[in-house]
Amino acid sequence: MEENVLLQMTDITKTFPGVKALDHVSLTVKRGTVHALMGENGAGKSTLMKCLFGIYAKDGGHIYLDGKEINFKSSKEALENGVAMVHQELNQALKRSVMDNLWLGRYPKVGGIMVNEGKMYKDTLKVFDELGIKVDPHRIMSTMPVSQRQMVEIAKAVSYNSKVIVFDEPTSSLTEEEVEHLFKIINMLRDRGVAIIYISHKMAEIKRISDEITIMRDGTWVATKPSAELEMNDIIRLMVGRELGNQFPPKTNKPGEVYLKVEGLTAQYSLLKDVSFTARRGEILGLAGLDGSGRTETLENIFGVATRKSGTVTLGGKLCRNRNSRESIKNGFALLTEERRATGIFAILNIRENTVISSLKKHKKLGLFLSEASMRKDTQWSIDAMRTKTPTQETKIRSLSGGNQQKVILGRWLLTDPEVLLLDEPTRGIDVGAKYEIYQLIIDLANKGKTVLMVSSEMPELLGVCDRILVMSGGRLAGEVDAKNTTQEEIMTLAAKYV
């Protein structure tokens with residue numbers, strides 16, 4: 001092994017029932033470099049990292065860390081030996097404090113028995129100060145936005161003094177400012193000689209932060225090249241095995257009459273205050289703003305999963321009280337949530353059960369029994385329409401890649417035949433090819449007269465797909481812009497209006 005090589009994975013294989021997830025994949029990562037790992041959803045990137053991290057047992061191949069062969073049996077063993085991983089789907093103890101989450105499983109003790117709270121608090125502050133993270137160590141995790149919880153997870157990985165840190169889609173829930181902060185942390189770690197493995201679908205990010213890029217496709221290694229030698233089109237071609245034209249499909253929808261009216265929407269338990277707007281039939285309406293601006297809260301209050309203090313929602317002239325999700329679905333609304341693991345998927349259920357769970361009434365026979373044939377038919381439609389990669393309908397949803405899980409949830413909502421789709425970060429953690437398919441699907445729905453409200457942290461996405469964009473700031477509506485005639489600067493200026 002070369003002197004500068006810190007991690008070497010050779011001929012790694014891994015098979016799940018009905019699918020070969022990794023087929024003789026090799027990866028070489030040098031000390032003090034950022035090595036990007038790219039590929040479409042289901043290419044095997046996360047599976048390869050889980051084999052390294054001890055979450056999955058590899059079926060074949062060898063892993064060497066600092067010249068010594070390793071084969072971790074658990075993530076605890078990996079962490080204790082200098083390999084950390086910041087997962088795409090956060091798995092945290094949400095009812096516990098920030099510092100509890102940071103030191104879970106390795107609490108500092110007094111006399112080997114009592115937890116030393118004072119030392120734990122000081123150690124947390126020390127890690128946060130070093131990384132420039134401003135979070136109260138005593139704060140309960142569930143009260144924080146996803147982006148801050150992500151930063152806590154990054155701090156935890158760094159606190160192990162790891163030699164190798166894997167970042168799996170670390171910026172999927174971060175604002176532009178927070179992405180800059182993360183890059184500062186990564187550059188600091190690189191300067192210390194840490195090897196960073198960086199998984200992301202965001203091309204501009206990859207080109208900016210990485211030294212080398214490895215591309216995977218369908219569980220196999222395709223290429224490893226210096227980042228400077230690859231242009232975005234080269235990466236896309238290697239990832240998808242074909243040329244990809246425009247990033248966004250043409251906007252063919254024609255907004256009609258005003259259909260949805262939201263007036264004076266104010267939340268009981270969040271900062272959302274006096275939000276009013278209208279949306280037309282066949283219109284794609286974007287919601288922009290910084291993290292915590294009230295974008296998600298707007299969708300949750302319309303759908304009735306957050307408590308509304310005041311305000312009205314009218315659809316086609318009919319008042320919709322939408323006191324809970326069941327009532328909202330009945331009234332023709334559908335909500336795709338931001339955090340698919342926490343509030344989207346039923347992890348222990350299979351693809352079919354996850355697909356039909358919101359439209360079970362359609363599949364009843366004699367008003368009592370569920371028709372297996374009917375559920376199978378609808379699930380197959382969803383798999384085909386979304387191009388979901390899954391071995392069978394009986395596959396557990398948790399074994400799919402994040403992007404394919406997202407496709408299952410989107411298919412679930414389409415089967416309820418909603419009039420209004422509320423989409424919160426619909427392409428989060430999804431590869432460039434699948435993103436295009438989802439954009440096309442959104443435009444097709446608008447063409448059928450559906451009204452779409454779409455929250456996204458990615459400004460180009462809002463500009464490329466939406467007709468109009470509402471800009472949220474500090475829980476209020478800061479302004480509205482026409483997607484065709486605006487700029488990112490104008491949106492950002494409005495986003496900072498009430499901050």
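Just so you know, these numbers use all the heavy atoms, side chains as well, and skip hydrogens, waters and symmetry mates.
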Shortest non-hydrogen contact between [X] and [Y], atoms and distance:
| X | Y | result |
| --- | --- | --- |
| T312 | R308 | CA-NH1, 4.3 Å |
| I469 | A483 | CD1-CB, 4.1 Å |
| T47 | A21 | CG2-CB, 4.0 Å |
| S293 | A288 | OG-O, 4.4 Å |
| N447 | K254 | OD1-N, 4.5 Å |
| I206 | S200 | CD1-CB, 3.9 Å |

Test of understanding: with salt bridge (charged side-chain N to carboxylate O under 4.0 Å, His left out), list the residues that count as partners of [X], not counting sequence neighbours.
| X | answer |
| --- | --- |
| R323 | E327 |
| D136 | none |
| E458 | K435 |
| E283 | R468 |

Is it the case that the side chain of [X] and the backbone of [Y] share a donor-acceptor pair, with hydrogens and angles ignored and the cut-off at 3.5 Å?
| X | Y | value |
| --- | --- | --- |
| T314 | G317 | no |
| Q405 | L400 | yes |
| E257 | R281 | no |
| K251 | C466 | yes |
| Q150 | T171 | no |
| N322 | G304 | no |
| N253 | G282 | yes |
| K14 | A57 | yes |
| H181 | L131 | yes |
| K45 | G39 | yes |

Sorted by chain and number, sequence neighbours left out, side chain to side chain donor-acceptor pair (under 3.5 Å) with R326 holds for none
Side chain to side chain donor-acceptor pair (under 3.5 Å) filter on Y439, not counting sequence neighbours, yields E461
Derivation and outcome, salt bridge (charged side-chain N to carboxylate O under 4.0 Å, His left out), residues E419 and K450 = CA-CA 5 Å; E419 291 303 318; K450 309 292 185 190; 3.6 Å; yes
Hits for side-chain contact (heavy atoms from CB on, under 4.5 Å) against V305, two or more places apart or cross-chain, chain-then-number order -> E300, F303, S325, L335
Would you mind reporting whether [Y] and [X] have side-chain heavy atoms less than 4.5 Å apart?
| X | Y | answer |
| --- | --- | --- |
| S457 | R295 | yes |
| P426 | M454 | yes |
| L104 | R96 | no |
| M386 | L441 | yes |
| N331 | K318 | yes |
| T390 | N404 | no |
| M38 | I235 | yes |
| S456 | E425 | yes |

E117 and M99: side chain to side chain contact (heavy atoms under 4.5 Å, CB included), yes or no, with the steps? CA-CA 9 Å; E117 293 270 343; M99 63 186 193; 3.3 Å; yes
Inset, instruction - Kindly determine whether D168 and M49 satisfy side chain to side chain contact (heavy atoms under 4.5 Å, CB included), including the steps that lead there. - result: CA-CA 9 Å; D168 192 352; M49 291 302 99; over 6 Å; no
Interatomic distance, [X] atom [atom1] to [Y] atom [atom2] [nearest 0.5 angstrom]:
| X | Y | atom1 | atom2 | result |
| --- | --- | --- | --- | --- |
| Y56 | S46 | OH | OG | 8.5 Å |
| Y121 | T124 | OH | OG1 | 9.0 Å |
| I345 | I357 | CD1 | CD1 | 12.0 Å |
| I154 | I186 | CD1 | CD1 | 7.0 Å |
| T427 | E437 | OG1 | CD | 12.5 Å |
| L285 | L470 | CG | CG | 4.0 Å |

Here the side-chain hydrogen bond (donor to acceptor under 3.5 Å, both in side chains) pairs for residues 345-362, sequence neighbours left out, are R352-E372, R352-Q393, R352-E394, N354-R412, K362-D378
| said: Within the supplied structure, the quantity of interest is the number of heavy atoms (other residues, nucleotides, ligands) at a distance under 6.0 Å from R106 CZ; does it exceed 12? | reply: yes
Open item on the list: Are more than 12 heavy atoms, taken from residues, nucleotides or ligands other than R321, located less than 6.0 Å from that residue's CZ atom?
Closed with: no
Please test L414 against L421 for side chain to side chain contact (heavy atoms under 4.5 Å, CB included), starting from the C-alpha separation and ending with a verdict. CA-CA 9 Å; L414 295 188; L421 267 117; 4.1 Å; yes
By ring-ring contact (aromatic ring centres under 6.0 Å, His included), F183 pairs with (sequence neighbours left out) none
Those residues at least two apart in sequence (or on a different chain) that pass ring-ring contact (aromatic ring centres under 6.0 Å, His included) with F53 are H87
Donor-acceptor pairs under 3.5 angstrom involving side-chain atoms of residues 263-274: please list them, not counting sequence neighbours.
{"from": "T266", "atom 1": "OG1", "to": "G264", "atom 2": "O", "distance (Å)": "3.3"}
{"from": "T266", "atom 1": "OG1", "to": "D274", "atom 2": "N", "distance (Å)": "2.9"}

Trace of the salt bridge (charged side-chain N to carboxylate O under 4.0 Å, His left out) decision for K134 with E178: CA-CA 12 Å; K134 292 175 176 60; E178 288 161 336; over 6 Å; no
### Task
Would you please test N301 and V262 for side chain to side chain contact (heavy atoms under 4.5 Å, CB included) and show each step?
CA-CA 10 Å; N301 275 272; V262 174; over 6 Å; no
Return all side-chain donor-acceptor pairs below 3.5 angstrom for residues 488-499, not counting sequence neighbours, or 'none' if the list is empty.
{"from": "E490", "atom 1": "OE1", "to": "T486", "atom 2": "OG1", "distance (Å)": "2.6"}
{"from": "T493", "atom 1": "OG1", "to": "E489", "atom 2": "O", "distance (Å)": "2.8"}
{"from": "K497", "atom 1": "NZ", "to": "A478", "atom 2": "O", "distance (Å)": "3.4"}

